[in-house]
There are 2 protein chains.
Amino acid sequence: MAQENYDALKLENQICFPLYACSREIIRQYKPFLDEIDLTYTQYIAMMVMWERKALTVKALGEYLYLDSGTLTPLLKKLEQKGLVTRNRSREDERNLIVRITPEGEALKAQAIHVPEKMAQCARIEPWEATELYRILYKMLKPD
Amino acid sequence: MAQENYDALKLENQICFPLYACSREIIRQYKPFLDEIDLTYTQYIAMMVMWERKALTVKALGEYLYLDSGTLTPLLKKLEQKGLVTRNRSREDERNLIVRITPEGEALKAQAIHVPEKMAQCARIEPWEATELYRILYKMLKPD
DNA sequence: AACCTATAAATTGCGTACAATTTAATTATA
DNA sequence: TATAATTAAATTGTACGCAATTTATAGGTT
């Protein structure tokens, strides 16, 4: 019986592992900047959608973020406690919960603008590499 | 006062977000295959290191995986319960805990070889793109 | 109208992640 | 050599992620 080839089981030959490690490393780098505006990374990306969309359902928000209600419900309750969003059932269809940004939530945007500014300093890849990385990642996320 | 440019706060202009979303999507794709060998993704990458290294400290394992004892201690206790590894303090330095693969852990490797085989079918990017992705991610992880 | 099906959130339960602290062991230093 | 500083794991507490289930509402069928 021939020797099996187990190279595919080496960590260094995985594509998912550096993806997973890298995303956690960058989120770790965000932390000190996000602490200044009292948001976690997941809360931050949720607020990014709110700054653009102003109001939308939990389902729609989840489609943007690739997250489900199991993650979003407690997260949105925290954003509501902070006064950044409101949560109300839709009058037309009571199954839908509409998340709406508040004036406080809007105001936070002016502070948050400093986060990407500071993160840009941390970049360890060239602009063209960031562009290529972006293209490949979205090809994996949204294959058309 | 001039209009501020908030483009940097758009989700579509982030590099971290697709990284984060992509890593979770791929881990989700692993799940049915990992269920067959009763491992979570984090347990799977920990076992990958064990299959290569046979025995090492929690600290060394954490350096491979970019994880700390807060994550690894409970995870390794679960792998120990499954009989895949043993956990013992080092005789030379009692601060170190040596994680060792068991014969059962070694045996699991023969089953696990089917995981990357099946995952390869799911790839939605070209081989050269995977190579380039790999290079950029490791440049971010280990800037030399 | 009564019933069936589908859908959206919320809930439950498990397993990470990770910062911060604690405990125990080792090493360095006065 | 007593003590201070360092190190490795474990522990604690908070916040995700996500599968599976439940609850509530809406739409379709007879």
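As the structure is a computational prediction, the values presented were derived from the model and not from experiment. First the proteins, then the strands, lettered A, B, ... as listed; each starts at 1. Note that these values count all heavy atoms, side chains included, but never hydrogens, waters or copies made by symmetry.
Residues from residues 17-51 of chain B with heavy atoms under 4.0 angstrom of DNA chain C, sorted by number: B:Thr40, B:Thr42, B:Gln43. Taking a 4.0 Å limit (strictly below) on heavy-atom distances, residues 60-73 of chain A reaches DNA chain C at A:Ser69, A:Gly70, A:Thr73.
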Identify every side-chain donor-acceptor pair in residues 11-22 of chain B under 3.5 Å, counting partners at least two apart or on other chains, and give the distances.
unit_1, atom_1, unit_2, atom_2, d
B:Asn13, ND2, B:Asp7, O, 2.8
B:Gln14, OE1, A:Tyr30, OH, 3.2
B:Gln14, NE2, B:Ala8, O, 2.6
B:Gln14, NE2, B:Lys10, O, 3.3

Donor-acceptor contacts under 3.5 Å from residues 65-75 of chain B side chains, at least two apart:
unit_1, atom_1, unit_2, atom_2, d
B:Asp68, OD1, B:Gly70, N, 3.1
B:Asp68, OD1, B:Thr71, N, 3.2
B:Thr73, OG1, B:Ser69, O, 2.9

Side chains of residues 114-125 of chain A: which donor-acceptor partners sit under 3.5 Å, not counting sequence neighbours?
unit_1, atom_1, unit_2, atom_2, d
A:His114, ND1, A:Glu117, OE1, 3.1
A:Lys118, NZ, A:Glu36, OE1, 3.0
A:Arg124, NE, B:Met140, O, 3.1
A:Arg124, NH2, B:Met140, O, 2.5

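Spacing between atom CG of B:Leu75 and atom P of D:dA9 amounts to 15 Å, rounded to whole angstrom units. At whole-Å resolution of the value, CG in B:Leu97 and P in D:dA8 are 13 Å apart. The CG-C1' distance, from B:Asn96 to D:dA8, rounds to 6 Å in whole Å. Rounded to whole angstrom, the span from the CG atom of B:Asp93 across to the P atom of D:dT7 amounts to 12 Å. Going from atom NZ of B:Lys77 over to atom P of D:dA9 covers 13 Å, rounded to whole Å.
Of the possible polar contacts, one joining the B:Thr102 side chain to the B:Leu84 backbone as a donor-acceptor pair under 3.5 Å is found. Within the 3.5 Å criterion, the main-chain N or O of A:Arg95 finds a donor-acceptor partner in the side chain of A:Arg89. Although no hydrogens or angles enter the test, the distance criterion places no donor-acceptor pair under 3.5 Å between the side chain of B:Lys109 and the main chain of A:Tyr6.
Under the 4.5 Å side-chain contact rule for hydrophobic residues, A:Tyr64 and A:Val58 share a cluster.
For the pair A:Lys77 and A:Glu80, the salt-bridge criterion is not met [side-chain N within less than 4.0 Å of a carboxylate O].
With a cutoff of under 4.0 Å to any heavy atom of chain B, the contacted region of DNA chain C is bounded 5' to 3' by C:dG15 to C:dT26.
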Test log, rule salt bridge (charged side-chain N to carboxylate O under 4.0 Å, His left out), inputs A:Glu129 and B:Arg135: CA-CA 10 Å; A:Glu129 289 173 321; B:Arg135 186 188 69 75; 2.9 Å; yes
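Close to D:dC16, at under 4.0 Å from its OP1 or OP2, lies a side-chain N or O of A:Lys78.
Nearest heavy-atom pair across B:Leu79 and B:Met47 is CD1-SD, 4.0 Å. The two residues A:Leu9 and B:Ala112 make their nearest non-hydrogen contact at CD2-O, 3.7 Å.
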